[in-house]
**Q** 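Below is the structure I would like to discuss, written out as structure tokens.
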Amino acid sequence: MESVILQIAARHMRPLLIILSLVVLYRGHNEPGGGFIGGLMLGAAYILYAMAFGVAKTQNRFVFSPLNLTALGLLIAVVSGIPALFAGDTFMTGEWITLFADTVAELKLGTPLIFDVGVYLAVAGMLMLVMFSIMEE
Amino acid sequence: MNTGLFITLLLFLSFLAPFTRRYLRGAAGWIYAILPLTGFIYYLGLLPAINDGMVILESYRWIDVYGINFSFYIDGFSILFSLIVLGIGTFILIYAGKYMQTYPMQGRFMAYLILFMASMQGVVVSGNLITMFVFWELTSISSYMLIGYYHEKPEARMAALQALLITGFGGLALLGGFILLGIPYGTYELSAILANPDLIKQSPLYLPALILILIGAFTKSAQFPFHFWLPGAMAAPSPVSAFLHSATMVKAGVFLLARLSPVMGGTELWHVLLTLFGGFTMVAGAWLSITQTDLKRILAYTTVSALGTLVLLIGTGTQYAMNAAIIFLLVHALYKGTLFLMAGNIEKVSGTRDINMLGGLYKSMPVAAIIMTLALVSMAGIPPMLGFIGKELIYESAVFAPTAKYLILIAAFFTNTVLVFLSLRLSLDVFWGDRPQYGKRPYEPYFALLVGPFLLMLGGLLLGLFPKILAEPLTASAITSISPGHDAVGLKLWHGINTALLLSIMTLIAGIMAYKYKVAFIAYSGGVNVRYFAREFAKGFASGMDAFLLYTKNQTKRIQHGYHRYYLMTVFAVASVLVWVMIWRTDPIVLELNFADMPLNLVAVLVLIVAAALSAVVSHSRVIALIAMGVIGFGITIIFIAYSGVDLAITMVMVEVLMVILAVAVLYHLPKYQKYSETGDRMRDGLVAALVGSFMMVLVLQAGTSQLGVPISDFFKETSYTEAFGRNIVNVILVDYRALDTLGEITVIAIAALGIFSMIKLTKKVKS
């Protein structure tokens, strides 16, 4: 089914949803949100697009296929546990660094954020993987 | 440098090999060989200090709770083995770089080979039983990859699987044995165990630990009745046979026995079992090798025989026997490595490995012929090679064996006679005599293919010529470290005229006689139908595997019936019954329902949810049922929001939306309801549903009243921001406190997604 309304909506919704998913991912540490929800949103953005334009056309837009995205997410999640080993802690201990300490732009970065990015990508990847397989049928 | 770093470097090199091979071209083998050579020099440099009685300990934390560490324990015995592994490994890499040049996937082959080298090196320097087990299993896995290198051949796959199953089974037994061994000590550290060797012998765990460890060692070292995997492993390319299946990996079992002999040895049982299995394997291996015609299979069976000899010597356990074991270990590694590499060369230049199709090769490849013949001189135990000293020591220890000395003596005599016979056969029948028509014109092998065999052979020669200066310093501390009560006996070529020498001369004569009447000898040996007996083992193993597979297939069919509704029903029923039992046992059930302070709008939502649930149950259309389920989901979302569970609400909305999309995509493919379920089925389903619903309800209501110690949520509330720098407790738990759980979860969903993906794609392919 080709629907112009859906297509226009999907075209404009996709970037918005992607940005929203990133916001949700980033703010997840202090406020409601996080990698899992963000991942679902990212997946939803592309599923909406696929419903409007078809799976084949959607997959052309990817640098990473859903399969690789899932794998990449898992890899990032695992790798995020490694810095702790160098700090002498056990695997997956959260390690933090603070940038621009005591200024307005104070920024705390830590391996849990990297881990969350991994979750985000893995969840989005697997969602698309499953949905696209079924929708292509 | 230290051992931990060295093994890490080897593993890293293995990781790099597939990517770099292409750019290094012909030089790849030479360049990769630099690392093991460095290790060889490093360990050689440690030798003087070790000979003065030093032991190097190295330890890296791993799992403190269980006393499991990455520990390394380096004494004379580890050094000797390290030198064998790395020395031969260096030449194997050089050889393989040339030998495999025309084959595809050479980079991967090199990677497996180096991986094996790293794991074997790990085994021999392990200072913790669990560390050793890990490396032990890694050798089995890399061996599997290497035997199955020609994976397009079914027999190579079969042989690889067979070797993996047998050594894997042994590895499992070994793990059990190690754990039992560790219990009385309270640690797995080798140094602690070696310091107090009698503790295990007084423990009731000694017997089970001994049996399990012996299974591990016997499977790895191809002792009867597990011997058959080793000849099968000859499906691997020649460098692999030379390295893994003669010089190093198969000796891991022997290594383990020798390593643990101060601890586990010295008892009657140890003595009897090792002598029996080792002696029988020694004779059987020699006997089976007589009728073989494939060069590599001949060598494989003599390897089985040599491994039996080593086990026998360790079981005998006298001073002479331990000396003989160490010397023979070295001798065998040197000559057998050479012979396997030469077998590869012969196949390469002549196109065949069948001894009946070979002959007269001396004219085409004189250098190779001389190298191989000298290695065979060592195998036959003729001076001045080190093999002679090894064989003298074996006879010596047989003469002084505490029990069954005549039996051992006869067995050793027979085995050595066969070795002399085979040495004659492998040299005279291959390089001299009639020259048959070859498929291609034989030529002298390349330098890279000869340098390894030459130097290994030279090692055997020099060690034999100068036993006092060279061989003794190399082996003395190895001998004392595996048999603390004994000293190394002086090594020399000429012992004067004694029983051992007389036996040697008789062996030689018997061997020559056997060669002279070889046709009759081989026919006789074949007539006893040993081949039949050898084949039965591999065949019996295969049919055993088939029967097991059939059994599991039937079991799986029963449990994995493929009906999703019954899976769900099983899960729900089991879970709810279990929880019900728990609830019943712990606290009296108190149901306090208080709707008084509930706002009216939420009551409306609740009524809506109940109504939707009822309509989902009675509806005759999937679409309506689905919509009703959606109403329930969004109703719950509203309740979450009302009680400020925003996180849950967002997730719920996302999940609900996606469920609808998913359901729509699937519904499209489903047929209409064909028939409705029977009343009986509905009653059953209703019962399960009621069970689940009621347990959930009671559980939630009980949660408020039951006191189960301090709730962990307080801890999270307090530390979430101070320690984990996040105010969103739910998310902090997910990505920090319980990150490992989350990692497990996303791994599971990724696997599930892969499963769905491949299922759909595969069925599509089958259809089209």
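As a basis for the values below, the full set of heavy atoms in this structure was taken, side chains included, without hydrogen atoms, waters or symmetry mates. By convention in this document, chain letters (A, B, ...) are assigned in the order of the sequence lines, proteins followed by strands, and residues within each chain are numbered from 1. The shown structure was predicted, so the numbers you read here are calculated from the model rather than taken from an experiment.
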**Q** Grab the two heavy atoms, one from B/Ala750 and one from A/Leu74, that are nearest each other, plus how far apart they are.
**A**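 Taking every non-hydrogen atom into account, CB-CD1, 3.8 Å.
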
**Q** Show the nearest heavy-atom pair for residues B/Phe757 and A/Ser133, with the distance to one decimal.
**A**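 Shortest heavy-atom separation between B/Phe757 and A/Ser133 comes out as CD1-OG, 3.3 Å.
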
**Q** Would you say the side chain of A/Val78 lies within less than 4.5 Å of the side chain of B/Thr747, judging by non-hydrogen atoms?
**A**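 They are not in side-chain contact.
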
**Q** Hey, what do you get for CD1 (A/Ile134) to CD1 (B/Ile756), rounding to the nearest 0.5 Å?
**A**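 Between A/Ile134 CD1 and B/Ile756 CD1, I get 6.0 Å after rounding to 0.5 Å.
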
**Q** List in chain and number order the residues that pass ring pair (Phe, Tyr, Trp, His ring centres under 6.0 Å) with B/Phe15, two or more places apart in sequence or in another chain; answer none if no residue qualifies.
**A**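 Residues passing ring pair (Phe, Tyr, Trp, His ring centres under 6.0 Å) with B/Phe15: B/Phe19.
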
**Q** If the condition is ring pair (Phe, Tyr, Trp, His ring centres under 6.0 Å), which residues does A/Tyr46 pass it with, not counting sequence neighbours?
**A**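 Only A/Phe62 meet the ring pair (Phe, Tyr, Trp, His ring centres under 6.0 Å) criterion with A/Tyr46.
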
**Q** Under 4.5 Å from any heavy atom of chain A, what part of B/Leu754 do you find: side chain, backbone, both or neither?
**A**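 Both parts, heavy atoms under 4.5 Å.
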
**Q** Looking at A/Thr70, A/Ile47, A/Val119, A/Leu129, which one has more heavy-atom pairs under 4.5 Å with chain B than the rest?
**A**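 Top option by heavy-atom pairs under 4.5 Å: A/Leu129.
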
**Q** Decide yes or no for A/Phe36 and B/Thr742: does some side-chain heavy atom of the first lie under 4.5 Å from some side-chain heavy atom of the second?
**A**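 When only atoms from C-beta onward are counted, B/Thr742 and A/Phe36 do not touch, as no gap falls below 4.5 Å.
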
**Q** State the CD1-CE distance between B/Ile760 and A/Met135, to the nearest 0.5 angstrom.
**A**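 Those atoms lie 12.0 Å apart.
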
**Q** Step by step, would you call A/Val130 with B/Leu662 a side-chain contact (heavy atoms from CB on, under 4.5 Å)?
**A** CA-CA 9 Å; A/Val130 172; B/Leu662 197 68; 4.2 Å; yes

**Q** Might you point out which heavy atoms bring A/Ala77 and B/Leu743 nearest each other, and give the distance in Å?
**A**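 It is CB-CD1, 3.7 Å.
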
